[in-house]
Amino acid sequence: MLVPGIDEELNILHQAAERLGATKLFLPKSIFVETMLSKFRMAKTLSEAGIRAPKTLLFGHGPINIASRVVMKPEVGRGSRNVFVLAGADKAESLFDAIGNQCNSWVVQEFIAGEEYTVQVIAGPDSKLAGVVPIRVLEKRGSTISAETETDKGIIEYCEMIHERLDPQGSYNVQLIKAQSGDICAFEINPRISTTMLMAIAAGFDPFSLFLSGVDSIQQRTNVPKILLHRHWSNRIEVLS
């Protein structure tokens with residue numbers, strides 16, 4: 001089994017799948033990967049499937065008719081690089097003028113306030129669902145630094161709806177916001193394994209065995225065990241002479 005973890009290699013590996021022989025590629029189907037790597041196409045696809053998504057527009061392709069605060073970021077990117085929250089859409093042009101040469105295409109996305117979750121959706125290659133593990137983000141610096149699993153029926157049902165309507169054929173990660181009103185909205189979908197998948201493994205799911213052997217029945221737990229993640233860095237300095 002080959003388990004890719006970086007966005008830039010996903011489409012390349014799908015294109016080379018025949019050359020992998022008996023090696024299974026731990027990814028959702030190619031059209032799902034290609035769609036979700038574009039933040040604009042992701043939001044458009046979810047909306048067309050009747051799933052709540054933030055209003056997302058390509059910068060420079062018409063007026064930005066978003067009245068609230070907005071998020072501006074590259075259409076294709078990862079690790080929360082070059083992500084800016086702006087007071088209004090009118091600020092987007094000056095920001096793009098300052099840093100736009102760092103990326104060919106940018107999106108302006110409706111800002112939604114609330115709690116951020118990173119959700120592991122675990123399934124077999126035939127899309128049969130094994131589990132949905134919501135993880136509430138406590139601290140984030142590009143990658144999630146501190147988080148905890150949380151059984152949330154609304155989030156589980158929202159992700160099950162994505163899975164049912166888009167038929168991804170594999171495991172992936174949904175990044176979403178749960179507003180104070182209870183509304184749930186995905187702002188990104190990573191069509192690959194994410195660093196917080198280790199929390200789903202700690203909760204009792206083995207995504208790799210399920211992908212190899214298939215899913216016999218839905219293993220979704222209504223009460224995911226409480227798992228905490230806290231990442232720490234330490235510096236060790238040695239004087240050798």
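Rounded to the nearest 0.5 angstrom, I155 CD1 and E115 CD are separated by 9.0 Å. Atom CZ of R136 sits about 12.5 Å away from atom OG1 of T144, to the nearest 0.5 Å. In this structure, H163 NE2 and F32 CZ are separated by 8.5 Å, a value rounded to the nearest 0.5 Å. For the atom pair CG (L37) and CD (E188), the distance works out to 10.5 Å, reported to the nearest 0.5 Å. For the atom pair S30 OG and L10 CG, the distance stands at 11.5 Å (nearest 0.5 Å). In this structure, the separation between CG on L58 and OG on S105 is 5.0 Å, given to the nearest 0.5 Å.
Annotation for P4 and L2: closest pair CD-O, 3.3 Å, computed over non-hydrogen atoms. Summarising the geometry of T196 relative to I135, their closest heavy-atom pair is O-CD1, 3.7 Å, with the distance given to 0.1 Å. Shown here for P134 and Y117, the closest heavy-atom pair between the two residues is CB-CD2, 4.5 Å. When all heavy atoms of I227 and M199 are compared, the pair lying nearest together is O-CE, 3.3 Å. For the residue pair V108 and F59, the shortest heavy atom distance occurs at CG2-CD1, 4.0 Å. In plain terms, the two heavy atoms of C159 and V132 that are nearest each other are CB-CG1, 3.9 Å.
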Kindly indicate, with the supporting measurements, whether the criterion salt bridge (charged side-chain N to carboxylate O under 4.0 Å, His left out) is fulfilled by R41 and E34.
CA-CA 9 Å; R41 289 181 61 189; E34 185 179 344; 3.6 Å; yes
List the steps and the verdict of salt bridge (charged side-chain N to carboxylate O under 4.0 Å, His left out) for D183 and R52.
CA-CA 9 Å; D183 289 342; R52 172 82 167 94; 5.4 Å; no
Start with the C-alpha gap between V107 and L57, add the side-chain angles, then the distance that decides, and say whether side chain to side chain contact (heavy atoms under 4.5 Å, CB included) holds.
CA-CA 5 Å; V107 296; L57 304 170; over 6 Å; no
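Both I189 and I51 are part of a single hydrophobic cluster, where members link through side-chain heavy atoms under 4.5 Å apart. Hydrophobic clustering (side-chain heavy atoms under 4.5 Å, transitive across Ile, Leu, Val, Met, Phe, Trp, Tyr) keeps L27 apart from M1. One hydrophobic cluster, built from ILVMFWY side chains closer than 4.5 Å, cannot hold both F187 and V33; they sit in different ones. Both L210 and V224 sit in one connected hydrophobic cluster of ILVMFWY residues. Membership requires side-chain heavy atoms under 4.5 Å apart, directly or through other members. I177 and V71 end up in different hydrophobic clusters when Ile, Leu, Val, Met, Phe, Trp and Tyr side chains are linked at under 4.5 Å.
If you check the side chains of S38 and E75, you find a donor sitting under 3.5 Å from an acceptor. Counting only N and O atoms by type, the side chains of S194 and Q120 include a donor and acceptor under 3.5 Å apart. Checking T118 against Q175 by side-chain atom types alone, no donor-acceptor pair falls below 3.5 Å. Remark: the Q109 side chain and the K73 side chain contain an N/O donor-acceptor pair separated by less than 3.5 Å.
With hydrogens and angles ignored, the 3.5 Å screen pairs no side-chain donor or acceptor of S127 with any backbone N or O of G170. Of the possible polar contacts, one joining the Y158 side chain to the A186 backbone as a donor-acceptor pair under 3.5 Å is found. Not a single donor-acceptor pair under 3.5 Å links the side chain of N190 to the backbone N or O of R192. Remark: the backbone N or O of P28 is paired with a side-chain donor or acceptor of H14 at under 3.5 angstrom.
Legend: residues meeting salt bridge (charged side-chain N to carboxylate O under 4.0 Å, His left out) with D167, ordered by chain and number and at least two apart, are K29.
In this structure, the side chains of F26 and S171 come closer than 4.5 Å at one or more pairs of heavy atoms.
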